[in-house]
Amino acid sequence: NQIVIDSQNLTVNSGTLTVDNANLLGATTSGKVTATIATTETVTELATLSADGGTNDLTVVIRAADATAATAAQLNTINAATAVAVDLTNVTALAGSTLADLATLATAINASQFSNATGLTTIAVTDTTVDATALAARIDSYDSINGGSTTGMTLASGATIEVEAGEIAEMLADETANRLTISDQLITVNSAGTISVDTANLLEATTSGVITASIATTETVDELQTLSGTGNAYTIVIAGGDATGSTASEFTSINGKTT
């Protein structure tokens with residue numbers, strides 16, 4: 001024991017450190033560690049940096065080889081390990097991430113805890129239940145981060161999108177603008193609201209998944225017969241105005257539109 005290091009600040013003046021060596025220095029002192037992490041380190045390895053309360057000044061650049069490999073959770077973990085903005089110059093996409101982790105990351109980016117995030121335009125969302133309000137907010141926040149470029153979000157196969165009737169137009173607009181990909185996701189419209197036949201048909205054209213919704217009771221029997229697709233879970237009430245004017249054939253047709 002020729003030297004004792006406990007609370008001293010450690011500064012690496014030249015060269016770069018591996019994550020393992022940075023962690024060894026962090027374990028040696030309660031003081032600040034200032035160093036540049038080697039750009040050969042993977043995102044997976046960078047995410048093992050000791051947090052140390054985020055007081056260390058570690059310069060971290062996500063390597064080009066991980067341009068599409070990082071998740072929001074990994075980047076949040078890396079951010080917690082350094083007081084220096086993490087450089088995202090090379091990052092163009094985020095691998096499977098939850099909306100909650102994406103929200104944390106967006107807040108950190110907007111707080112300048114990350115730099116050069118404008119290339120981030122593709123994001124994979126892993127939530128199995130997706131709140132449409134949170135989804136729209138994340139799409140908007142990352143569009144703002146990348147300077148207005150189109151942010152393309154994909155959803156987990158078979159995930160359930162929970163949406164308010166009043167949010168459907170915005171969700172479909174995002175899908176039309178390639179800001180959101182909906183393919184086989186289930187769509188559940190909050191039962192507190194109702195949708196028109198036309199809106200139901202737009203949702204049916206958007207996904208192969210089951211749509212669960214209540215159809216507005218103002219829709220006529222003639223209009224109800226134009227519901228497209230089968231296998232959806234629609235709650236349908238025949239309007240009072242059609243109390244005596246409908247046929248058994250029409251009711252059979254409508255019944256075939258819903259489970």
Side-chain angles (χ1 to χ4, degrees), residues 96-100 102-103 106 123-144 150-259:
S97 304
T98 67
L99 288 173
L102 288 167
I123 300 170
V125 177
T126 58
D127 299 66
T128 55
T129 300
V130 177
D131 177 75
T133 303
L135 179 63
R138 293 292 70 74
I139 292 173
D140 290 343
S141 64
Y142 281 91
D143 263 6
S144 176
T150 299
T151 301
M153 285 202 175
T154 60
L155 303 177
S157 177
T160 298
I161 304 172
E162 296 181 343
V163 62
E164 301 289 336
E167 297 174 318
I168 293 174
E170 181 180 3
M171 181 180 73
L172 293 179
D174 282 339
E175 206 253 351
T176 298
N178 296 318
R179 303 169 81 204
L180 173 65
T181 299
I182 301 174
S183 55
D184 65 351
Q185 287 72 33
L186 287 67
I187 299 176
T188 298
V189 181
N190 189 321
S191 59
T194 62
I195 62 174
S196 67
V197 167
D198 289 343
T199 298
N201 288 343
L202 288 174
L203 293 178
E204 164 65 25
T206 300
T207 183
S208 60
V210 173
I211 301 163
T212 301
S214 295
I215 304 299
T217 56
T218 54
E219 297 288 57
T220 65
V221 164
D222 288 342
E223 184 69 15
L224 288 169
Q225 288 184 91
T226 67
L227 281 166
S228 57
T230 58
N232 293 314
Y234 293 132
T235 297
I236 298 174
V237 177
I238 303 302
D242 287 321
T244 60
S246 304
T247 66
S249 176
E250 288 174 325
F251 286 149
T252 299
S253 174
I254 295 168
N255 186 55
K257 309 294 187 179
T258 178
T259 58

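All values below were derived from every heavy atom in this structure, side-chain atoms included, with hydrogens, water molecules and symmetry-related copies excluded.
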Under a 4.5 Å cut-off applied to non-hydrogen side-chain atoms, are V210 and T259 in contact? no
Gap separating the OG1 atom of T199 from the CD1 atom of I168, nearest 0.5 angstrom: 6.0 Å
L186 versus G158, closest heavy-atom pair with distance: CD1-O, 3.6 Å
The side-chain contact (heavy atoms from CB on, under 4.5 Å) partners of A124 (sequence neighbours excluded) come to T154
Among residues at least two apart in sequence or on other chains, which ones pass side-chain contact (heavy atoms from CB on, under 4.5 Å) with T226? V197, N201, E223
Within a strict 4.5 Å, meaning less than it, do heavy atoms of the I238 and L224 side chains meet? yes
Using a 3.5 Å distance criterion without hydrogens, assess whether the side chain of Y142 forms a donor-acceptor pair with backbone atoms of M153. no
Applying side chain to side chain contact (heavy atoms under 4.5 Å, CB included) to R138 and I123, what does each step give before you reach the verdict? CA-CA 10 Å; R138 293 292 70 74; I123 300 170; over 6 Å; no
Close side-chain approach of Q185 and V130, heavy atoms under 4.5 Å: no
Report the residues that fulfil side-chain contact (heavy atoms from CB on, under 4.5 Å) with T258, sequence neighbours left out, ordered by chain and then residue number. Y234, I236
In Å, rounded to the nearest 0.5 Å, how long is the span from CG of L172 to CD1 of I187? 7.0 Å
Between A177 and T150 the two heavy atoms that sit nearest each other are O-CG2, 3.7 Å
Sorted by chain and number, sequence neighbours left out, side chain to side chain donor-acceptor pair (under 3.5 Å) with T235 holds for none
Qualifying side-chain hydrogen bond (donor to acceptor under 3.5 Å, both in side chains) pairs with a residue from residues 205-214, counting only residues at least two apart or across chains: none
Pairs where residues 161-181 contributes a residue and the test side-chain hydrogen bond (donor to acceptor under 3.5 Å, both in side chains) is met, not counting sequence neighbours: T133-E167, D140-R179, D143-R179, E164-N190, D174-R179
Side chain to side chain donor-acceptor pair (under 3.5 Å) with S157: which residues, sequence neighbours excluded? D184
With heavy-atom distances below 4.5 Å as the criterion, would you say the side chains of T217 and T194 are in contact? no
Quick one: CG on L203 to CD1 on I161, what's the gap to the nearest 0.5 Å? 9.0 Å
Can you find a heavy atom in the side chain of L135 that is under 4.5 Å from one in the side chain of D127? no
Smallest separation among heavy atoms of E219 and I215, with atom names: CG-CG2, 4.0 Å
Should D242 and E250 count as side-chain neighbours, where that means a heavy-atom distance under 4.5 Å? no
Applying the side chain to side chain contact (heavy atoms under 4.5 Å, CB included) test to L155, which of L180, T126, T128 qualifies? L180
What's the separation between atom CD in Q225 and atom OG in S249, rounded to the nearest 0.5 Å? 7.0 Å
